[in-house]
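Step one of this worksheet: look at the structure below.
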Protein chains: 2
Amino acid sequence: MQQTSRKQRERDNRHSLFLELAAKLIEDEGFPGLSMDRVAELAEYSKGTIYQHFSCREDLLVQLCNQSLSKLLELMKIAAGFDGHHRDCIVATVYAHTLWTRQSACNIDMLQHTAVASVTSKATENSLAQHKHIEQELMATLVELVQGAINNNELPKNKQLNPMDVVFGLWSTCYGGQLIINSDIELSELGVKNTHAVLLRTACLIMDGMQWQPLHSEKRLKKLLARFETELFANELNQLGIKTLFESQTK
Amino acid sequence: MQQTSRKQRERDNRHSLFLELAAKLIEDEGFPGLSMDRVAELAEYSKGTIYQHFSCREDLLVQLCNQSLSKLLELMKIAAGFDGHHRDCIVATVYAHTLWTRQSACNIDMLQHTAVASVTSKATENSLAQHKHIEQELMATLVELVQGAINNNELPKNKQLNPMDVVFGLWSTCYGGQLIINSDIELSELGVKNTHAVLLRTACLIMDGMQWQPLHSEKRLKKLLARFETELFANELNQLGIKTLFESQTK
DNA sequence: TAAAGTTTAGACAGTTCGTCAGAATTTGAC
DNA sequence: GTCAAATTCTGACGAACTGTCTAAACTTTA
């Protein structure tokens with residue numbers, strides 16, 4: 001069994017190599033730059049070998065996306081563990097989402113490209129199942145926070161919206177917002193100055209609308225963000241070479 | 001000039017025919033089903049002729065998207081003209097957005113596919129300019145409502161968010177939400193029963209969070225929706241063969 | 001009616017995807 | 001150390017698609 005294990009290890013390494021090179025290709029030349037031929041060429045393997053790891057281009061895409069999503073899940077779990085009210089944790093997850101999109105523009109792109117029917121219809125059962133699983137874990141992390149807030153009487157029960165509905169609403173805002181930010185629409189030209197901050201504030205408005213306690217004053221929000229940056233994501237910010245995600249507009 | 005005008009007319013008709021067939025192709029077989037060859041075949045023209053109307057496949061896509069967006073703009077303008085408070089008009093625009101995605105699943109798909117860099121980088125200046133123009137009109141329609149509410153003292157001024165920021169937040173929620181609804185994620189399985197209604201309520205929460213008057217009781221919201229369905233979009237609902245967009249869950 | 005001008009057709013070159021038969025390598029028994 | 005069996009890798013190939021370009025077909029006009 002020693003032998004098979006070595007083989008398996010080699011196979012896994014190759015698999016990682018292919019994914020890594022594919023990600024690099026996308027980073028460098030965008031999605032159309034990712035072709036199976038190019039990956040094979042860069043990896044110095046032939047096409048046939050690539051196709052032993054990925055049933056088709058779409059499957060490769062979904063696997064790449066799963067990699068990205070896994071990173072998001074990690075950040076989200078860190079955020080959910082923030083030492084504060086449940087509401088603060090939710091704000092932290094929104095922060096984490098922003099951080100994730102900042103780590104690489106490809107992250108949110110990947111999600112967008114993978115969510116398309118022409119991709120999901122061709123990918124492997126296996127890859128899709130994994131994708132679904134990560135998504136469910138993400139949702140579960142958030143639902144837990146909402147449920148916790150309800151149990152603690154911080155979030156009044158709402159006849160119209162159950163916990164998962166709340167998560168769906170917040171998720172929509174973050175996802176849609178990031179997509180718009182990432183699109184060609186020039187928001188700054190339209191008058192939206194600090195896009196990420198606006199999204200975060202919008203998420204807060206949703207919570208305010210539900211009377212989710214404690215309501216945030218501007219001062220309190222600023223303090224929270226500062227704490228995220230030191231207590232939760234110091235490493236990540238450091239890697240990005242920045243001190244803060246939301247450039248303060250007041251001098 | 002009579003002659004050129006007739007020629008121009010013929011050319012325009014052909015252009016419409018191509019767009020129509022392309023839309024049909026997408027409707028029937030999805031985005032990968034749309035190939036220039038197929039359009040040519042269906043239209044009983046040759047490829048060369050198609051390429052006189054569209055510089056490339058991407059340009060055709062953007063033009064299709066522009067068609068969809070124009071329809072949305074029409075609905076939005078109807079919504080913005082609702083006889084009620086500014087806040088009610090905003091709710092009407094959210095309703096309009098939902099209606100639009102219901103008219104054809106392709107509508108939101110089109111936006112998603114067109115927002116991708118590989119498409120926008122290849123399309124014609126012209127088509128892209130038109131796209132931008134429609135988007136700006138959409139935004140302008142919404143900003144006007146927000147500004148109107150501020151002027152009427154219905155929406156308290158907010159130091160952190162200017163009118164365009166508010167529009168961006170609402171837009172994000174609708175757009176992101178519709179994309180998620182339209183994706184393969186099975187929300188009902190996750191516990192979100194009436195997705196469109198949840199989105200609408202989330203938009204209301206954002207407005208509640210800003211103290212945008214008049215706040216909506218559940219009763220008032222129901223009444224509003226009913227009015228939209230008779231006063232604004234009776235025709236559109238009729239065409240869809242439905243009485244209401246939001247199936248009431250109470251018997 | 002015929003030359004000039006315009007429009008259309010579809011063959012062609014260039015990509016990319018995904019397959020598959022055969023070449024190359026590795027394995028393990030002797 | 002040798003060799004047959006098993007495994008893995010290779011790259012030529014067919015199919016589909018994009019976008020171009022020349023020659024043919026058609027229209028206009030004098």
Quick one: label Glu41(B) by what it contacts on the DNA or RNA (base, sugar-phosphate, nothing), any heavy atom closer than 4.0 Å.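 Since no nucleic acid heavy atom lies under 4.0 Å of Glu41(B), the category is nothing.
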
Checking Gln63(A) against Asp59(A): is there a side-chain donor and acceptor pair closer than 3.5 Å?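 The criterion, which ignores hydrogens and geometry beyond distance, is satisfied for Gln63(A) and Asp59(A).
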
Would you please say whether a donor-acceptor pair under 3.5 Å links the side chains of Thr173(A) and Thr173(B)?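 There is such a pair (donor and acceptor under 3.5 Å, judged by atom type) between the side chains of Thr173(A) and Thr173(B).
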
Between [X] ([atom1]) and [N] ([atom2]), how many Å, whole number?
| X | N | atom1 | atom2 | value |
| --- | --- | --- | --- | --- |
| Ile50(B) | dC17(D) | CD1 | C1' | 14 Å |
| Tyr51(A) | dA12(D) | OH | P | 16 Å |
| Arg57(B) | dT20(D) | CZ | P | 16 Å |
| Met36(A) | dT16(C) | CE | P | 13 Å |
| Phe54(B) | dG19(D) | CZ | C1' | 15 Å |
| Leu25(A) | dT16(C) | CG | C1' | 14 Å |

Contact state string [nucleotides 8-15 of chain C, B base, S sugar-phosphate only, - no protein heavy atom under 4.0 Å]: BBB-----

Give a yes or no on whether a salt bridge exists between Asp37(B) and Lys47(B), defined as a side-chain N under 4.0 angstrom from a carboxylate O.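 Yes, charged N to carboxylate O under 4.0 Å.
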
Note: Glu236(B)-Arg102(B) ion pair, threshold 4.0 Å (strictly below):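 No, Glu236(B) and Arg102(B) are not salt-bridged.
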
Among the nucleotides dC17(D), dG18(C), dT20(D), which one has an atom lying closest to any side-chain atom of Cys56(A)?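 Given the options dC17(D), dG18(C), dT20(D), the side chain of Cys56(A) is closest to dG18(C).
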
Answer whether the closest heavy-atom distance between the side chains of Val192(A) and Asn162(B) falls below 4.5 Å.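 A side-chain contact under 4.5 Å is absent here.
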
Does the side chain of Leu72(A) come within less than 4.5 Å of His97(A)'s, by heavy atoms?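 Contact flag for His97(A)/Leu72(A) side chains = yes.
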
By nearest nucleotide on DNA chain C, pick out whichever of Ser55(A) and Arg38(A) is the more 5' one.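 Going by which nucleotide is closer to the 5' end, it is Arg38(A).
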
